[in-house]
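Here the structure is a predicted model, which is why all the values come from computation and not from measurement. Note on naming: letters A, B, ... go to the chains in the order of the sequence lines (proteins, then strands), and numbering restarts at 1 for each one.
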2 protein chains.
Amino acid sequence: MKEGPDIALIGSLIGDPARANMLTALMGGRALTATELAAHAGITLQTASSHLAKLEAGGLLTQRKQGRHRYFALSEDEVGLMLESIMGFAASRGLTRHRPGPKDPALRKARVCYNHLAGDYGVRMLDSLVAARQIEMTGDDLTLTDAGQARVEALGIDYAALKKSRRPICRTCLDWSERRSHLAGSLGEALLTLFIDKGWAKREQNSRAIRFTDTGEKAFSELFPQY
Amino acid sequence: MKEGPDIALIGSLIGDPARANMLTALMGGRALTATELAAHAGITLQTASSHLAKLEAGGLLTQRKQGRHRYFALSEDEVGLMLESIMGFAASRGLTRHRPGPKDPALRKARVCYNHLAGDYGVRMLDSLVAARQIEMTGDDLTLTDAGQARVEALGIDYAALKKSRRPICRTCLDWSERRSHLAGSLGEALLTLFIDKGWAKREQNSRAIRFTDTGEKAFSELFPQY
DNA sequence: CGGATGCTTCGATTAGGATCGAAGTATGAA
DNA sequence: TTCATACTTCGATCCTAATCGAAGCATCCG
């Protein structure tokens, strides 16, 4: 009688406030240590450790040992996409955990969505790429056109490396603030990395917000014009 | 410090097995009574009533009184989309609640996703519409082209009525079995209704599976050819 | 008006799990 | 080796929330 996947397990993992805080922190894209995550969730290290074990068992997280630190991160793009979709619904219901403060506009303008750019800027970037026929949409699969490939390589992104991986190069991710799609996948990640490497944008400490420098703003507008 | 929407509340609502079973049952698209939902979840009526109140308070469900019955249904398309995205992740992790049985292939072939067609057939339908340039994708917004509008009206769907409503006519919904998008929105709903009204397809009892008749198979293949 | 059905509210019980103190393991530094 | 840091495991406590019996409303039917 029961059919379909088991959503209760996933839901219960996300449903605990401490774990939800950890996951939200990890949506910032940085891998974090158990101690940092415990601080984010406002709990002791012991409790955090037990939560992290559960999240890992559920497939939401992976850990990487590095010296005596253990870095935790979301296990795959899918997890970020799923969380973003839940955030979208929660936001539409007005379920925010903070009184809308000064940080809120910054988040809506540009923020990290796990490993790629989201918010107004993220949406504008994908729109621009599609309008310029550098990315094509069929079904729901985004595909980089030849023009797009050339463009990406001109920006200094190693397209061959992207192609080698089994990860999708382009995929859509629903933006909770804009209610539209932005670009995820390995190309989305590479582009954000590029912006940061070039000094056009900076991640804010302890926040998902991304701050563009003046040069960055200008470069972004030139690269991704709005038609 | 805490920023972004509160996903814990939504997660905890979905995280209870009884509630998850109810939500899954409602993904079948039919509005169900409290008694029916209690049976689906395997709990008493009292318990079900308390769960339903919580789901309604959380904005996931709406109820409609009809005589002495109360019919519950998912409150909006967004809820279905979110649940489908969680199912997608759960399925990719192999978290299914049943041993893959004879029903499984039927579900993958064609099923109801809240109010529209999903599974292989759902994906094929959207692909075909896009290939025939009757639906266009920009950003993530699907838009019905003039050709598409004519086509829809030729099928006997009241396009004007769709347009009047504030609901999006076309939107994408990620398919958990196919990992691709299919057509949701009011047009997606109208098309599924059409198939059923014409006798081309039937909803199975107590299942999300949709069974196409022989005539239906033929008509579907003609209407939505694969290029 | 009964009497039946569908559902909600109340109250008491119970179980699961979140929490943290304390102790244990692993890695690095001095 | 010794100490410190980073984290896990164990054990006990405590609290929330799921559960159901019983009683209370609401609606329909005859």
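Contact check, A:His51 against C:dT19: a side-chain N or O comes under 4.0 Å of OP1 or OP2. For D:dA18, one of the phosphate oxygens OP1 or OP2 lies less than 4.0 angstrom from a side-chain nitrogen or oxygen of B:Lys54. Between B:Arg68 and D:dC25 there is no side-chain N or O to OP1 or OP2 distance below 4.0 Å. Taking only side-chain nitrogens and oxygens, B:Thr47 comes nearer than 4.0 Å to OP1 or OP2 of D:dC20.
The side chain of B:His69 lies closest to C:dC7, out of C:dC7, D:dC20, D:dC7. Side-chain proximity of B:Gln46 to D:dC7, C:dC7, D:dG21: nearest is D:dG21. With distances taken from any side-chain atom of A:Thr44 to the nucleotides D:dT19, C:dT9, C:dG21, the minimum falls on C:dG21. Of the candidate nucleotides C:dC20, C:dT27, D:dC20, C:dT27 has the atom lying nearest to any side-chain atom of A:Lys65.
The separation between B:Leu52 atom CG and C:dT8 atom C1' is 11 Å, rounded to whole Å. Following rounding to the nearest Å, B:Leu61 (CG) and C:dC7 (C1') show an atom-to-atom distance of 16 Å. Atom-to-atom, CG of A:Leu32 to C1' of D:dC7 comes out at 15 Å; the value is rounded to the nearest Å. One atom, CD of B:Glu36, and another, C1' of C:dG6, lie 12 Å apart when rounded to the nearest Å. To the nearest angstrom, C1' of D:dT8 lies 14 Å from CD1 of A:Ile43. The interatomic distance linking A:Ile14 (CD1) with C:dA18 (P) rounds to 14 Å, in whole Å. Separating the CD atom of A:Glu56 from the P atom of D:dT9 is a distance of 10 Å, rounded to the nearest angstrom. Between the CD atom of B:Gln63 and the P atom of C:dC7 there is a distance of 10 Å, rounded to whole Å.
With salt bridges taken as basic N to acidic carboxylate O contacts below 4.0 Å, none links A:Glu76 and A:Arg171.
B:Leu37 contributes atom CG, which lies 5.0 Å from atom CG of B:Leu26 (distance to the nearest 0.5 angstrom). Once rounded to the nearest 0.5 Å, the distance linking CG of B:Leu192 with CG of B:Leu187 reads 11.5 Å.
Using modelled atom types, no side-chain atom of A:Arg19 and backbone atom of A:Ile14 make a donor-acceptor pair closer than 3.5 Å.
Between B:Phe220 and B:Phe212, the ring planes lie perpendicular to each other; the angle is over 60°, past the 30° to 60° tilted range.
Toward the 5′ end of DNA chain C lies the nearest nucleotide of B:Leu45, the other residue of the pair B:Leu45 and A:Arg19 mapping further downstream.
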